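Only one structure is covered here, and it is reproduced in the block below.
Because the structure is predicted, anything quoted here is derived from the model rather than measured. This chain uses plain numbering: 1 for the first residue, then up along the sequence. Whatever order the structure lists them in is the order used to number ligands and atoms, beginning at 1.
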Amino acid sequence: MPTDAAAGVRSRQDAGGKQILLIIGGGIAAYNSLELIRRLQDQGASVTPVLTRAAEEFVTPLSVAALSGSAVHRDLFDLTSEAEMGHIQLSRSADLVVVAPATADLMAKMAQGHANDLASTLLLATDTPVLLAPAMNVRMWQHPATQRNIYLLHSDGVNFVGPNEGGMACGEFGPGRMAEPEEMVAAIAAQFSSQGRLQGRRILVTSGPTHEPIDPVRYIANRSSGAQGAALARALRDQGAEVVFITGPAEVRPPEGVEVVRVQSALEMEAAVQAALPVDVGVFAAAVADWRVASASDRKLKKSKDGLPVLEFAENPDILRSVSQMTKGRPPLVIGFAAETNDVVENATAKRLRKGCDWIVANDVSPSTGIMGGAENAVILISDQGAEEWPRLDKAEVASRLAARIADRVAPAPLAEGVPSL
Ligand code: C5P
């Protein structure tokens with residue numbers, strides 16, 4: 001197994017070959033974004049610029065287009081690109097979205113989820129990491145409303161570079177100057193080196209429901225779609241992990257680029273998990289049936305005049321518990337899931353201790369939440385540090401945040417500089 005340092009070195013990258021969507025906000029610092037474009041291009045990145053209306057007061061679309069060698073996007077209702085859902089495309093094809101300068105207004109829109117122009121719509125539609133380079137008057141920066149928005153954006157997983165302290169165009173002094181172009185380039189490169197932090201790590205993910213046979217044609221199942229487990233496998237793969245994806249018969253397709261092991265029952269899942277060990281991390285997202293039919297018939301059960309069949313159950317092995325409690329070769333990080341319908345934190349906290357896993361990802365799967373089988377999830381991460389409630393998010397976003405947390409734990413990255421402390 002590689003050391004943390006080795007994994008870190010292998011994943012180090014710059015912005016070369018990356019696609020960067022650069023949103024230029026309306027402030028005097030917009031001039032410095034021209035220099036940013038040049039430096040990113042020097043590194044081999046390609047930059048697609050977006051100008052807000054206010055930005056056009058400071059830099060012209062023509063100068064930005066000439067420098068970037070790309071069409072400048074300015075309009076939410078651009079008929080040519082709208083025919084192909086332009087704004088969604090723009091935000092999805094990028095490797096990173098950079099907002100420089102990020103004005104107080106743009107940050108407020110982002111924090112509140114407004115989508116009333118091209119820039120804010122792109123920021124709401126994107127599933128790509130976002131880096132903000134704020135620039136504004138010092139009093140605007142220090143205003144509680146801005147600080148509140150920064151806090152919200154941090155908790156949404158948005159990254160920051162700057163602002164720096166110094167003299168401003170308005171004659172005041174203090175924090176609010178946009179980071180220098182070379183600092184922004186370094187922060188952008190750091191974003192890419194933090195992707196791929198799980199290179200060299202072998203991670204097992206169980207997913208989906210299990211089918212417990214009654215006879216050759218009938219089985220007992222549950223409503224798990226396998227969507228969260230598949231999203232997790234994808235996010236871990238995107239961070240460079242070698243993923244073994246052990247899935248019950250789920251609706252969703254497994255991601256490409258992972259080793260897929262298909263199983264039906266809990267017993268088969270247990271055997272597949274044992275065969276996949278050792279791993280660096282075990283993520284047990286499957287909804288494993290607690291019981292199986294004690295002696296499944298090898299012939300189809302027939303209707304009978306003698307009455308209804310009586311099914312006897314046997315307890316299935318608890319895969320999560322047995323891996324968590326391994327005395328030799330236990331994965332350094334074991335993560336369980338807890339689908340609860342009531343007293344979520346209390347039940348999941350007790351489950352963490354009972355099973356012996358390190359983290360429990362708990363969620364409320366009452367039918368009214370629409371989580372089971374739905375596109376979103378609202379999770380509470382339970383660890384020895386207590387319970388941390390995440391906002392309701394797309395399952396892909398839950399997965400990428402969890403993958404980042406796993407990377408923090410098994411391959412910690414050096415602390416980013418320039419992030420405002422809150
Ligand atoms: O015991 P319960 O089903 O509530 O616990 C859920 C967690 O335990 C999930 O992480 C699930 O994948 C795991 N589990 C397991 N084997 C079982 C039952 C649950 O690995 N037989």
Side-chain angles (χ1 to χ4, degrees), residues 203-213 219-233 235-236 243-250 252 254 261-277 279 281-294 296 313-326 330-331 333-366 369 371-373 377-383 387 395 398-399 402-403 405-406:
I203 302 186
L204 173 163
V205 178
T206 72
S207 180
T210 60
H211 283 182
E212 305 300 329
Y219 56 83
I220 297 172
N222 60 62
R223 295 189 194 281
S224 165
S225 65
Q228 188 63 80
L232 256 165
L236 293 164
V243 178
V244 186
F245 183 63
I246 301 172
T247 176
V252 295
V261 183
R262 292 179 195 276
V263 297
Q264 295 284 324
S265 64
L267 288 177
E268 287 176 17
M269 187 170 277
E270 191 199 27
V273 166
Q274 290 301 331
L277 296 175
V279 294
V281 182
V283 184
F284 294 85
V288 185
D290 291 322
W291 313 283
R292 66 179 179 278
V293 177
F313 288 96
E315 202 167 326
N316 268 332
D318 190 323
I319 308 167
L320 171 64
R321 193 177 58 207
S322 61
V323 173
S324 299
Q325 299 184 2
M326 283 168 73
R330 179 192 190 274
L333 179 61
V334 180
I335 304 170
F337 277 64
E340 304 285 347
T341 51
N342 57 286
D343 303 318
V344 178
V345 173
E346 213 179 334
N347 288 339
T349 304
K351 189 167 291 176
R352 188 180 88 83
L353 297 175
R354 201 167 57 240
K355 305 247 188 188
C357 56
D358 302 292
W359 299 350
I360 284 266
V361 181
N363 57 7
D364 184 347
V365 291
S366 313
T369 62
I371 283 173
M372 215 152 189
N377 206 351
V379 309
I380 301 168
L381 182 63
I382 293 171
S383 66
K395 285 182 177 167
V398 170
L402 201 59
R405 294 294 281 267
I406 292 171

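Between the side chain of Gln228 and the backbone N or O of Lys395, at least one donor-acceptor pair lies under 3.5 Å.
Atom CZ of Arg354 is surrounded by more than 12 heavy atoms from other residues, nucleotides or ligands within 6.0 Å. Heavy-atom contacts from other residues, nucleotides or ligands closer than 6.0 Å to CD of Glu346 number 12 or fewer.
Closest to atom 10 (O) of ligand 1, if we only count protein heavy atoms, is Phe284 O, 2.6 Å. In this structure, atom 7 (C) of ligand 1 lies nearest to the protein heavy atom Phe337 O, 2.9 Å. For atom 3 (O) of ligand 1, the closest heavy atom belonging to the protein is Asp290 OD1, 3.8 Å. Protein heavy atom nearest atom 16 (N) of ligand 1, with residue, atom name and distance: Ile319 N, 3.0 Å. In terms of protein heavy-atom proximity, atom 18 (C) of ligand 1 is closest to Val288 CB, 3.7 Å.
Separating the CG atom in Leu320 from the CZ atom in Arg352 is a distance of 11.5 Å, to the nearest 0.5 Å. A distance of 10.0 Å separates CD1 in Ile382 from NZ in Lys351, rounded to the nearest 0.5 Å. Separating the OG atom in Ser265 from the CG atom in Asn316 is a distance of 7.5 Å, to the nearest 0.5 Å. Rounding to the nearest 0.5 Å places CD1 of Ile335 at 8.0 Å from CD1 of Ile203. Remark: Leu232 CG to Leu402 CG distance equals 5.0 Å, nearest 0.5 Å.
Close to ligand 1: Lys355, with a non-hydrogen atom less than 4.0 angstrom away.
Heavy-atom proximity to atom 21 (N) of ligand 1, evaluated over Pro317, Ala266, Ala287, is greatest for Pro317.
Atoms of ligand 1 lying under 4.0 Å from any heavy atom of Gly336, numbered from 1 in the order shown and given with element: 10 (O).
Checked against a 3.5 angstrom limit, the closest N/O atoms of Lys351 and ligand 1 fall inside it. In terms of N/O distances under 3.5 Å, ligand 1 is approached by Ala286. Looking at ligand 1, you won't find any N or O of Ala338 less than 3.5 Å from one of its N or O atoms. Below 3.5 Å of separation, one finds an N or O of Leu320 facing an N or O of ligand 1.
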